[in-house]
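Data first, discussion second: the structure below is written as structure tokens.
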Number of protein chains: 2
Amino acid sequence: MATLDLDAIAAAGLALVDHRGADALTMRAVATELGVSTMSLYHYVENKAALVELLVDKAHREQPLPAPSGEGWREEVRELAGWMRNSIRAHPALLRLRLEYNVYTPSMLTFGERWINLWQQSGLDFDAANRAAAASSMAIIGFAKEEVSLRDFKPPDPELLSWLPNMRHLSTSPPEPGTSFELFIRALIDGIFDVLARGQAIAGDAAPIA
Amino acid sequence: MATLDLDAIAAAGLALVDHRGADALTMRAVATELGVSTMSLYHYVENKAALVELLVDKAHREQPLPAPSGEGWREEVRELAGWMRNSIRAHPALLRLRLEYNVYTPSMLTFGERWINLWQQSGLDFDAANRAAAASSMAIIGFAKEEVSLRDFKPPDPELLSWLPNMRHLSTSPPEPGTSFELFIRALIDGIFDVLARGQAIAGDAAPIA
DNA sequence: ACCTGAACACCGTTCAAGT
DNA sequence: ACCTGAACACCGTTCAAGT
């Protein structure tokens, strides 16, 4: 029996990333963490990109998709958005590695599938629902990533802020991050639905009337 | 007179990043591009993080903030959002470096200042306008970053997609990226305004009535 | 099949030395 | 003040060799 397996490698790597940051994830560090030589890893993983993919997969398995609540499409979209946000926030240091090694996993696709499904239940027509799903998923993923990026934004010296009264006020009393996401998600869903529903209604009504 | 200056270094670095990607930006590469030894750079730049900051600053100077059009706050918010999107798209490979070296520049702050200013003209009260500005700026920056990230997303094998009809349809006929941003920005601004204006109205009306 | 040490081609950066 | 080559401490990864 082998002393190593993919899950142990993923666990060790993810622990490194979570506790010591993206820079701490080196082949050497993962190997010594597992009490094994660096080159052993290459029997399980083709290269570092594959290692990162392994971590992303494990992170995703730890955060299974929520069961549909049946509370209606709007509420379910909000729940799924919250799940995506939590998935991103669970391993903030993983974001840089994903970008660096261009890692995409099938789990993203199943999320997208369900996301589109929900919008198809909104009453918008087929094409509008697809456009709504595409735009809104990008917005939500981008917003959640931006939240974790801003976490290690160090506020500039007060000197500079003295010329920028609005920013000074915002940086001294920032809105709570949770409420910002609440506002964003509600506004986005309602906004996208309204814009597209209005477009449909106009397109649908104009022809018969004219 | 010196053979080197900050602007030449920034230009050489930015050219490398734009034409050969983030990985191509090494101290050695920038130096040889300028026909100089690697260590010369350290007389102008403390370390690689400072080099990246230099590139970001140059990129930002090339994309000056648009003059206020005076067409009303909604239109001006859209214009400013488009400017931000273009700034991000102008140097897509710079995003990874910014994240990697945690680079924030004062130019971000002047953007934020104006962004808040516009929302203060929306008719929302002071706190609501600030919340709107914070949430919407994160959404827009995140969305634009997501757009460029998705640029080098390679669609998965059709095998996998056969179980995901919605995603298969989306990947065979994706919406045009430009219209996706148009939809997103309009929906976001209207959505945020409506949610907060409704909240204000309710809070303002409920008390007298009860 | 699984694991290993030595080595290679790269990094960013320090240092002592040149003009 | 400005520039330089040599060297150091890291990377990811190849290779030939062990069990």
Side-chain angles (χ1 to χ4, degrees), chain A residues 1-58 93-103 152, chain B residues 1-58 93-103 152:
Chain A
M1 72 164 226
T3 73
L4 243 47
D5 65 288
L6 289 176
D7 196 68
I9 294 173
L14 206 49
L16 276 168
V17 170
D18 286 342
H19 298 135
R20 294 199 257 146
D23 287 329
L25 186 79
T26 69
M27 301 303 273
R28 283 164 173 88
V30 173
T32 61
E33 205 71 20
L34 294 164
V36 93
S37 100
T38 306
M39 294 317 300
S40 309
L41 298 178
Y42 285 89
H43 266 264
Y44 298 83
V45 139
E46 199 189 346
N47 49 30
K48 189 165 174 188
L51 173 65
V52 173
E53 203 173 317
L54 217 59
L55 305 205
V56 172
D57 268 333
K58 181 165 184 68
L94 212 48
L95 288 183
R96 236 188 62 189
L97 293 166
R98 278 184 98 135
L99 194 57
E100 205 164 338
Y101 293 95
N102 250 52
V103 172
D152 36 33
Chain B
M1 71 163 226
T3 72
L4 244 47
D5 65 287
L6 288 176
D7 197 67
I9 294 173
L14 207 49
L16 276 168
V17 170
D18 286 341
H19 297 136
R20 293 198 258 146
D23 287 330
L25 187 79
T26 68
M27 301 302 273
R28 282 165 174 86
V30 174
T32 60
E33 205 71 18
L34 294 164
V36 93
S37 99
T38 306
M39 295 315 301
S40 310
L41 298 179
Y42 285 89
H43 266 264
Y44 298 85
V45 139
E46 198 189 348
N47 48 32
K48 191 166 172 187
L51 173 67
V52 172
E53 203 173 315
L54 217 59
L55 305 206
V56 172
D57 268 334
K58 181 163 184 68
L94 212 48
L95 288 183
R96 235 188 62 189
L97 295 165
R98 278 184 98 136
L99 194 57
E100 206 165 337
Y101 293 95
N102 251 52
V103 172
D152 36 33

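Chain A is the first sequence line, chain B the second, and so forth, proteins listed ahead of strands; every chain is numbered from 1. Worth knowing before you read on, the calculation uses all heavy atoms, side chains too, and leaves out hydrogens, waters and symmetry mates.
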Where at least one partner belongs to residues 21-35 of chain B, residue pairs that pass side-chain hydrogen bond (donor to acceptor under 3.5 Å, both in side chains), sequence neighbours excluded:
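Residue pairs with at least one partner in residues 21-35 of chain B: B:Asp23-B:Arg96.
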So, using side chain to side chain donor-acceptor pair (under 3.5 Å) as the criterion, who are the partners of [X] when residues are at least two apart?
{"X": "B:Arg98", "value": "none"}
{"X": "B:Asn47", "value": "none"}
{"X": "A:Ser37", "value": "A:Ser40"}
{"X": "A:Lys58", "value": "A:Asp7"}

So, B:Asp152 side chain and A:Asn102 main chain: donor-acceptor pair closer than 3.5 Å or not?
no
What residue pairs, at least two apart or across chains, pass salt bridge (Lys or Arg N to Asp or Glu O under 4.0 Å) with a residue in residues 37-52 of chain B?
none
Using the side-chain heavy atoms of B:Ser40, tell me which of these nucleotides is nearest: D:dT4, D:dC11, C:dT4.
D:dT4
How many Å lie between [atom1] on [X] and [atom2] on [N], as a whole number?
{"X": "A:Glu100", "N": "C:dC11", "atom1": "CD", "atom2": "P", "value": "14 Å"}
{"X": "A:Asp5", "N": "C:dC3", "atom1": "CG", "atom2": "C1'", "value": "15 Å"}
{"X": "A:Leu41", "N": "D:dG12", "atom1": "CG", "atom2": "P", "value": "10 Å"}
{"X": "B:Leu25", "N": "C:dG12", "atom1": "CG", "atom2": "C1'", "value": "12 Å"}

Just to be sure I understand the rule, does B:Leu51 reach a base, reach only the sugar-phosphate, or reach nothing, if contact means heavy atoms closer than 4.0 Å?
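Nothing, no heavy atom under 4.0 Å.
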Could you write nucleotides 13-19 of chain C as a row of B, S and -, 5' to 3', where a protein heavy atom under 4.0 Å of any base atom gives B, of only sugar-phosphate atoms gives S, and otherwise -?
BBB----
Sequence neighbours excluded, the answer for side chain to side chain contact (heavy atoms under 4.5 Å, CB included) partners of A:Tyr42 is A:Met27, A:Met39
Quick one: side chain to side chain contact (heavy atoms under 4.5 Å, CB included) partners of A:Leu54, sequence neighbours excluded?
A:Leu6, A:Ile9, A:Ala10, A:Val45
I need the minimum non-hydrogen distance between B:Tyr101 and B:Val52, along with the two atoms involved.
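Distance-wise, the nearest heavy atoms are CD1-CG2, 3.8 Å.
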Taking Watson-Crick and G-U wobble contacts under 3.5 angstrom, with | marking pairs to another strand and [ ] crossing pairs, the secondary structure of DNA chain C is written ||.|||||...|||||.||
Heavy-atom contacts under 4.0 Å between residues 8-20 of chain B and DNA chain D, which residues?
none
Run the side-chain donor-acceptor check on residues 12-21 of chain A: report pairs under 3.5 Å with partners two or more places apart or on a different chain.
| from | atom 1 | to | atom 2 | distance (Å) |
| --- | --- | --- | --- | --- |
| A:Asp18 | OD1 | A:His91 | ND1 | 2.9 |
| A:Asp18 | OD2 | A:His91 | ND1 | 2.8 |
| A:His19 | ND1 | A:Ala15 | O | 3.2 |

